[in-house]
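In each ligand, atom 1 is the first atom listed, and ligand 1 is the first ligand listed.
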Amino acid sequence: MPSNDLLPSEQPVQLLDQTGSRVVGAAGDFPSDDAMLRAHEALVVGRRINEQAYALVRQGRLAVYPSSYGQEACEVAAALVMGDRDWLFPTYRDVVSIIGRGVDPVETLTLLKGDWHCGYDPVEHRVAPQTTPLATQLIHAVGVAHAATLRGEDTVVMAMCGDGATSEGDFHEALNFAAVFKAPVVFFVQNNEYAISVPLARQSVAPSLAHKGIGYGMPGERVDGNDIAALLSVLGAAVDSARSGGGPQLVEAHTYRMQAHTNADDATRYRQDDEVEKWQDRDPLLRSEAYLRSRDLLTDERTSEIAAAAEAVATAMRDGLMVDVEPDHADLFTHVYAAPTPQLREQQAFLADELSREEAR
Ligand SMILES: Cc1ncc(C[n+]2csc(CCOP(=O)(O)OP(=O)(O)O)c2C)c(N)n1
Ligand SMILES: [Mg+2]
C-alpha cells in the first residue's frame with residue numbers, strides 16, 4: 001500500500017456541521033434514516049446514563065465515575081457499528097459503549113461502585129472488563145483478534161483508548177503486532193483533549209494521533225467525534241475493512257471531555273471556562289436532533305418516547321445501585337490463576353485470619 005494511502009484526511013471527517021446540516025460534498029456514506037434515529041435514541045440514553053451516574057456519585061452509591069458527557073457520540077457509534085460476534089475492549093470511560101452493547105447498566109457499574117472488578121460475564125457479552133491501567137487492554141484486544149483469525153472466525157475487535165494512552169508503550173506494541181499479523185482490530189482513540197490535567201499539546205506533537213498509524217504501516221483516519229453521522233460512517237467502514245481482511249485501522253475522534261476527569265478531579269485548576277463553553281455548542285445531541293427535526297424524522301411524540309426509554313434506564317440504575325451486596329473476599333483470589341500460586345494461598349490465609357480476628361473483636 002503506498003504510504004499516502006495510510007495518511008488520514010487533512011481535516012477530521014464531518015458529515016453534519018454544528019447546526020445539524022449536511023456538509024456539502026463530504027466523503028463517506030451518510031447513514032440511513034433508521035440508523036440516525038436509532039443512534040439519536042442511544043445518544044439520549046447515553047446522556048441520561050452520564051447524568052444519573054453523576055447523581056449516584058454524589059449520593060455515595062458509586063465510588064467514582066469517569067464521565068463521557070459530551071463524548072456520547074463516540075460511545076454510541078462504537079457500539080452500533082459492531083456485529084453480535086464482535087468484541088469490545090473498553091476503558092474506564094466507556095460505560096455508555098458497554099451498555100450500548102446490551103450489558104445491564106447495574107452489572108456494568110459494579111466496578112465503579114467498588115463491589116467487584118467486573119460485574120458482567122465478558123465472554124457472554126463479548127465485552128472485556130473495563131481497564132484502568134492505560135492501554136493494557138489494547139494488547140489483549142489484539143490477542144483476541146489474532147486468535148479469531150487463527151480460528152477462521154470473522155470477528156472484529158473494537159479497541160478503545162484515550163489520547164493520553166497513545167503515549168504508552170502498550171499502544172505501540174499493540175499496533176505493531178496488529179499490523180504485522182493483519183489482526184482485525186479497529187483502534188478507536190477518543191481524543192478528548194486531556195489526559196487528566198495534561199493537555200494534548202503536552203502529550204504529542206504528531207500532526208494528529210491518527211498519523212501515528214503510518215509508523216506501523218496501518219491506515220489512520222480522523223473524524224469529528226461529536227458528529228454521530230460521521231462516526232457511524234468512518235467506524236462502520238473501518239469495521240467492514242477489518243472484517244474483510246484489510247487488517248487493523250486507527251481511528252481518531254476529535255471530541256472534548258466536558259466534565260472533570262472523574263469526580264475526584266477539579267478541572268477548573270487547569271482549564272478555563274470559556275474553553276468548555278466553546279464545546280457546548282458542539283454538543284453531539286444538539287446536532288443529531290437538529291438534523292432529524294429538519295427532515296421531519298423526529299416528532300414530538302417520538303421525542304417523548306425516547307425520553308421515557310432513557311428515564312427507564314436511569315430508574316433501573318438508581319434502583320439497582322441502591323442495593324448493597326456483600327462480596328465474598330475469597331473470590332478475590334479464586335479467579336486470578338487456574339491453579340493458585342503458593343503466594344496467593346498465603347495472602348488468602350492472611351486475609352481470612354485478619355478478618356476472623358476483626359469479627360471476634
Ligand atoms: C499505566 C497507567 N499510567 C497512569 C495512569 C493514571 N491515569 C489514569 S487516567 C489517566 C489519563 C488518561 O488520559 P486519556 O488516555 O486521554 O483518557 P481519558 O481519561 O481522557 O479518557 C492517567 C494518566 C493509569 N491509569 N495507568
Ligand atoms: Mg483524554
Side-chain angles (χ1 to χ4, degrees), residues 12 46-47 49-50 53-54 57 62-79 88-100 108-109 111-112 114 117-118 128-141 158-175 186-206 208-213 220 222-226 231 250-271 275-276 278-279 282 284:
R47 175 61 52 87
I49 290 168
N50 278 323
Y54 185 84
V57 166
L62 279 178
V64 66
Y65 188 68
S67 178
S68 62
Y69 193 108
Q71 298 178 220
E72 288 95 345
C74 297
E75 295 287 306
V76 161
L88 175 71
F89 277 74
T91 76
Y92 46 87
R93 201 173 297 287
D94 301 320
V95 161
V96 171
S97 283
I98 298 172
I99 297 174
T108 303
L109 290 164
L111 169 77
L112 299 172
H117 309 302
C118 179
Q130 283 176 287
T131 42
T132 303
L134 301 177
T136 53
Q137 77 281 7
L138 303 181
I139 289 175
H140 305 154
M158 179 71 68
M160 313 208 16
C161 74
D163 44 293
T166 68
S167 301
E168 289 288 338
D170 282 356
F171 177 84
H172 162 70
E173 288 162 29
L175 268 73
V186 176
F187 293 99
F188 182 33
V189 179
Q190 285 183 65
N191 171 5
N192 63 4
E193 299 276 338
Y194 286 91
I196 313 184
S197 57
V198 178
L200 187 68
R202 305 292 295 167
Q203 189 68 249
S204 172
V205 291
S208 81
L209 299 177
H211 276 80
K212 291 190 178 196
R222 324 164 63 188
V223 55
D224 182 329
N226 289 13
L231 282 157
L250 174 61
V251 176
E252 174 190 12
H254 293 260
T255 183
Y256 191 76
R257 199 195 70 211
M258 293 299 289
Q259 297 181 337
H261 174 70
T262 67
N263 47 295
D265 170 46
D266 177 4
T268 61
R269 291 178 59 189
Y270 53 83
R271 67 185 190 187
E275 180 185 305
V276 183
K278 208 175 65 189
W279 281 88
R282 304 182 195 167

Is Asn191 close enough that one of its N/O/S atoms sits under 2.8 Å from the Mg ion (ligand 2)?
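Looking at Asn191, which is the residue asked about, there is no N, O or S atom under 2.8 Å from the Mg ion (ligand 2).
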
Look at Tyr194 and state whether any of its N, O or S atoms is less than 2.8 Å from the Mg ion (ligand 2).
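An N, O or S atom of Tyr194 is closer than 2.8 Å to the Mg ion (ligand 2), so yes.
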
Distance only, no hydrogens: is a donor on one side chain within 3.5 Å (strictly under) of an acceptor on the other, for [X] and [Y]?
X	Y	result
Gln203	Ser167	yes
Tyr65	Asn50	yes
Gln190	Asp94	yes
Asp163	Ser204	no

Please report the interatomic distance CG(Asp265) to OH(Tyr270), rounded to the nearest 0.5 Å.
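That separation rounds to 3.5 Å.
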
Contacts table for ligand 1: protein N or O within a distance under 3.5 Å of ligand N or O, distances only.
residue	atom	partner	partner atom	Å
ligand 1	15 (O)	Gly164	N	3.2
ligand 1	15 (O)	Ala165	N	2.9
ligand 1	16 (O)	Asp163	N	3.3
ligand 1	16 (O)	Asp163	OD1	2.9
ligand 1	16 (O)	Asp163	OD2	3.4
ligand 1	16 (O)	Gly164	N	2.8
ligand 1	16 (O)	Tyr194	O	3.1
ligand 1	17 (O)	Tyr92	OH	3.2
ligand 1	19 (O)	Tyr92	OH	2.7
ligand 1	19 (O)	Arg93	NH2	2.8
ligand 1	19 (O)	His261	ND1	3.4
ligand 1	20 (O)	Asn192	OD1	3.1
ligand 1	20 (O)	Asn192	ND2	3.0
ligand 1	20 (O)	Tyr194	O	2.9
ligand 1	21 (O)	Arg93	NE	2.7
ligand 1	25 (N)	Thr132	O	2.9
ligand 1	26 (N)	Leu134	N	3.1

With a 4.5 Å cut-off on side-chain heavy atoms, are Asn192 and Arg93 touching?
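Touching, per the 4.5 Å side-chain cut-off.
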
Heteroatom of Asp163 nearest to the Mg ion (ligand 2) (N, O or S, atom name)
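The Asp163 atom nearest to the Mg ion (ligand 2), restricting to N, O or S, is OD1.
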
Cation-pi between Arg282 and Tyr256: NZ/CZ under 6.0 Å from ring centre and within 45° of the ring axis?
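No, a cation-pi geometry is absent between Arg282 and Tyr256.
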
